[in-house]
Undergrad: 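Got a structure for you, written out below as structure tokens; questions coming shortly.
Model, not experiment: these values are computed from the prediction. What's counted below: heavy atoms across the whole structure, side chains too, no hydrogens, waters or symmetry copies.
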Amino acid sequence: MASAPPNGAPILVASNRGPVSYTLDEKGELTAKRGGGGLVSGLSAIGPEAGAVWVCSALGDGDREAVRRGVSEPGVRMLDIDAATHADAYNGVANSVLWFVHHMLYQTPLEPVFDGEFRRQWASYEAYNRAFALALAEEAAQDAAVLVQDYHLVLVPRMLRELRPDLRIGHFSHTPWAPVEYFRLLPDDIAAKVLRGILGADRAAFLTQRWADAFTECCHAVLGPGIPSGTRIGVHGLGADADFLRERSHEPDVGERMAALREQIGTAPDGTPRRTIVRVDRTELSKNIVRGLLAYRQLLEDRPEWRERVVHVAFAYPSRQDLAVYRDYTAEVRRLADEINSRYGTPGWTPVVLHVKDDFARSLAAYRLADVALVNPIRDGMNLVAKEVPVVSDEGCVLVLSREAGAYEELGEDSVVVNPYDVGGTAVALHEALEMPLGERAERTKRLAAAATALPPTRWFLSQLDALAP
């Protein structure tokens with residue numbers, strides 16, 4: 001059991017990725033780059049005077065070199081966990097097992113296979129979580145509040161509780177939570193460890209009530225009736241940062257991207273502006289980009305009146321390219337976009353405008369231009385794109401939304417809702433969205449924007465912190 005350091009931090013955050021990353025150039029010089037996202041925005045709400053500490057992992061050579069040289073940002077403790085251990089924990093277990101379970105992505109006739117190699121990787125996952133628990137125990141003041149983030153660190157709350165029973169510990173899941181039948185694909189002992197790990201926290205929180213209920217049901221099924229006991233369950237639906245998005249979306253670089261996109265989109269044969277169906281995603285398996293393209297192809301086949309009058313602006317930014325299944329998925333997205341353009345395109349019309357290089361300003365430009373936003377994930381903890389588009393849309397945008405996105409709980413009433421597996425149904429929904437009268441579209445967008453910004457990142461973070469108050 002560790003004792004509290006005399007000058008420990010009263011508030012701590014733990015996550016795999018931290019608020020800063022380092023790159024190492026050929027001359028051996030380090031450059032720091034600040035990250036973004038809900039946690040970074042949220043933590044800024046408490047101010048530097050709060051003395052908070054963010055414990056995170058070194059993710060690359062630059063990060064590891066920074067740790068070895070003692071280079072760091074105030075309030076950040078980066079852990080130089082052995083690279084092989086981190087790879088096993090991050091790619092072998094977190095992203096290839098826990099992510100797949102919660103997003104229900106396995107092709108079950110062939111996978112998963114929980115064999116000796118998995119057990120070896122699980123031992124690395126335990127070591128990785130233990131490194132975080134030890135660091136948090138070392139950094140935390142007496143009775144400090146600790147907010148542990150996501151599926152990478154599900155074992156930390158229990159490990160930390162054993163080291164520092166005085167701490168107030170919260171765990172937040174940014175993913176969906178698998179239903180009982182799917183969660184039990186995990187070996188029984190591993191399923192129990194995952195649940196007991198989170199139940200080491202005073203409070204376990206989720207993005208929607210649906211995911212919170214699924215967690216509770218898994219506890220009942222795996223650990224027995226009455227569990228969770230002693231751990232409170234909460235829901236905090238992360239919203240969009242309206243002020244930041246509206247200001248950033250009117251910067252000059254976004255205006256430049258809008259002009260370039262308008263030129264790519266072009267005008268219909270009758271001289272009117274072409275309509276746009278926009279999607280912005282990482283090429284993450286759960287985002288369902290391939291079925292979205294298939295639905296668009298179906299729309300062009302079934303409704304030839306839309307040919308040359310609509311363009312699908314698809315931003316598919318590469319994700320996790322160190323895993324073969326993700327590289328294959330990205331290649332299929334490219335192949336299908338090329339096929340649609342080859343089959344339906346004309347000298348003056350490119351049906352799919354695909355961009356794969358990450359560009360936030362271009363994403364915001366597409367948000368502003370969109371007539372229809374297609375957000376059709378197989379499963380998603382929340383999906384902030386669904387919340388961001390209505391906030392920055394210039395003239396109102398119809399949201400075509402998967403019922404399996406966490407955002408459906410808040411936005412479903414004013415969206416055109418789809419079953420993400422139903423390509424034909426999604427094609428019909430796209431047609432309905434394109435046909436929606438401008439007045440109705442604008443009214444829906446106003447209501448969507450209000451719901452999307454109900455719990456912006458700063459309030460989302462503070463609500464978790466407040467819920468841990470003694």
Undergrad: Can you measure from CD (E65) to CD (E29) and round to the nearest 0.5 angstrom?
TA: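 The distance works out to 12.5 Å.
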
Undergrad: Roughly how far apart are D281 CG and N288 CG, rounded to 0.5 Å?
TA: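 Answer for the CG-CG pair, D281 versus N288, is 9.5 Å.
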
Undergrad: Would you kindly check if the NZ (Lys) or CZ (Arg) of R362 is within the cone defined by 45 degrees around the ring axis of F315 and under 6.0 Å from the six-membered ring centre?
TA: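 Here R362 passes the 6.0 Å and 45° test against F315.
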
Undergrad: Checking side-chain contact (heavy atoms from CB on, under 4.5 Å) against R64, which of R69, M78, H86 comes through?
TA: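 Answer after filtering R69, M78, H86: H86.
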
Undergrad: Ignoring hydrogens, what is the shortest heavy-atom contact between L384 and A240? Give both atom names and the distance.
TA: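 Distance-wise, the nearest heavy atoms are CD2-N, 4.4 Å.
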
Undergrad: Do the two ring centres, one from W460 and one from H174, sit under 6.0 Å apart?
TA: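 Yes, ring centres under 6.0 Å apart.
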
Undergrad: Testing D243, D241, D253 for side-chain hydrogen bond (donor to acceptor under 3.5 Å, both in side chains) with R248, which one passes?
TA: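 Only match with R248 under side-chain hydrogen bond (donor to acceptor under 3.5 Å, both in side chains): D253.
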
Undergrad: Are W177 and F183 an aromatic pair by the rule of ring centers under 6.0 Å?
TA: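 They qualify: ring centres under 6.0 Å apart.
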
Undergrad: How many angstroms lie between atom NE2 of H171 and atom CG of L160, to the nearest 0.5 angstrom?
TA: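 H171 atom NE2 to L160 atom CG measures 12.0 Å (nearest 0.5 Å).
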
Undergrad: For R68 and D80, what are the C-alpha separation, side-chain angles and deciding distance, and is it a side-chain contact (heavy atoms from CB on, under 4.5 Å)?
TA: CA-CA 8 Å; R68 288 162 196 159; D80 183 12; 3.1 Å; yes

Undergrad: Around R441, counting heavy atoms of other residues, nucleotides and ligands shown, do more than 12 lie under 6.0 Å from its CZ?
TA: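 Yes, enclosed.
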
Undergrad: Rounded to the nearest 0.5 Å, what separates atom OG in S393 from atom CZ in R444?
TA: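 The distance works out to 14.0 Å.
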
Undergrad: Return the CZ to CD1 distance between R184 and I190, rounded to the nearest 0.5 Å.
TA: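 Reported value, rounded in 0.5 Å steps: 14.0 Å.
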
Undergrad: What do you reckon, is CG of N7 surrounded by more than 12 foreign heavy atoms closer than 6.0 Å?
TA: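 Not more than 12 within 6.0 Å, no.
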
Undergrad: Under a 4.0 Å threshold between the charged nitrogen and the carboxylate oxygen, would D202 count as salt-bridged to R161?
TA: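 Yes, charged N to carboxylate O under 4.0 Å.
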
Undergrad: Say whether, by atom type as modelled, one donor and one acceptor occur between the side chain of E111 and the main chain of Q107 under 3.5 angstrom.
TA: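 Side chain of E111 to backbone of Q107, a donor-acceptor pair under 3.5 Å: yes, one is there.
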
Undergrad: If we ignore hydrogens and angles and just use 3.5 Å, is the side chain of R203 paired with the main-chain N or O of I169 as donor and acceptor?
TA: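 Side chain of R203 to backbone of I169: no pair is present.
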
Undergrad: What are the two closest heavy atoms between R257 and A365, and how far apart are they?
TA: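 The pair with the smallest heavy-atom distance is CB-CB, 3.7 Å.
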
Undergrad: Looking at every heavy atom in both A14 and L136, which two are closest together, and how far apart are they?
TA: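 Heavy atoms of A14 and L136 come nearest at CB-CD1, 3.8 Å.
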
Undergrad: Heavy-atom count check: over 12 atoms from other residues, nucleotides or ligands less than 6.0 Å from Y408 OH?
TA: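 12 or below, so no.
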
Undergrad: Taking E404's backbone N and O only, do any of them form a donor-acceptor pair with S402's side chain (distance below 3.5 Å, no angle check)?
TA: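 Side chain of S402 to backbone of E404, a donor-acceptor pair under 3.5 Å: yes, one is there.
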
Undergrad: Do the side chains of V333 and V290 get nearer than 4.5 Å, heavy atoms only?
TA: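 Yes; the side chains approach each other to less than 4.5 Å.
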
Undergrad: So, does H152 use its side chain to make a donor-acceptor pair with the main chain of A94 at under 3.5 Å?
TA: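 No: the side chain of H152 does not pair with the backbone of A94.
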
Undergrad: Would you find a donor on one side and an acceptor on the other, under 3.5 Å apart, between the side chain of S286 and the backbone of H103?
TA: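 A pair under 3.5 Å: no.
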
Undergrad: State whether the number of non-hydrogen atoms from other residues, nucleotides or ligands found under 6.0 Å of D82 atom CG is greater than 12.
TA: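 More than 12 within 6.0 Å, yes.
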
Undergrad: Please report the interatomic distance CG(L155) to CZ(R130), rounded to the nearest 0.5 Å.
TA: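 Between atom CG of L155 and atom CZ of R130 there are 8.5 Å.
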
Undergrad: Would you say S463 and H236 are linked by a side-chain donor-acceptor pair, where the criterion is simply a distance under 3.5 Å?
TA: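 The answer is yes; a qualifying pair exists.
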
